[in-house]
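Structure first, then comments.
As a basis for the values below, the full set of heavy atoms in this structure was taken, side chains included, without hydrogen atoms, waters or symmetry mates. Fair warning: this is a prediction, and the values are worked out from it, not measured in the lab. We're numbering straight along the sequence, starting at 1.
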Amino acid sequence: NTQYVEESCIPIAEYVFTITDTFGDGICCTYGEGSYALQYNGNTIKQGGVFGQSESVTFGSCNAAPTQAPTNPPPPTFQP
């Protein structure tokens with residue numbers, strides 16, 4: 001009945017999240033009611049708890065969003 005939360009700021013890239021269970025019965029149901037949720041940019045990518053030895057999901061993108069070119073501020077105006 002302990003909740004663990006880990007938050008990280010990660011660069012834009014493609015990632016693979018893998019959760020493993022050495023006993024091979026996942027983290028839910030046989031010996032408790034464990035679960036996990038993977039969130040990225042405010043969206044739930046994957047959640048669950050019923051799996052065997054491991055479960056993986058790929059998320060993110062190698063294609064970074066284009067950035068705006070820098071803009072120069074307008075020159076100051078002088079009033080006599």
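- The shortest heavy-atom contact between G52 and D21 is O-CB, 3.9 Å.
- Sorted by first and then second residue, the pairs that involve residues 51-60 and meet side chain to side chain donor-acceptor pair (under 3.5 Å), not counting sequence neighbours, are T18-S56, Y36-E55.
- Taking CD of Q39 as the reference point, atom NZ of K46 lies at 14.5 Å (rounded to 0.5 Å).
- With rounding to the nearest 0.5 Å, the separation of CD1 in I19 from CG in L38 is 10.0 Å.
- Nearest approach of C28 to G34, heavy atoms of both residues: CB-O, 3.3 Å.
- F59 and I10 get closest at one heavy-atom pair: CE1-CD1, 4.4 Å.
- Hydrophobic cluster membership differs between V50 and I27, with clusters built from Ile, Leu, Val, Met, Phe, Trp and Tyr side chains linked at under 4.5 angstrom.
- Heavy-atom minimum distance, Y40 versus I12: OH-CA, 4.3 Å.
- Annotation: E33, atom CD; neighbour count of heavy atoms from other residues, nucleotides and ligands within 6.0 Å does not exceed 12.
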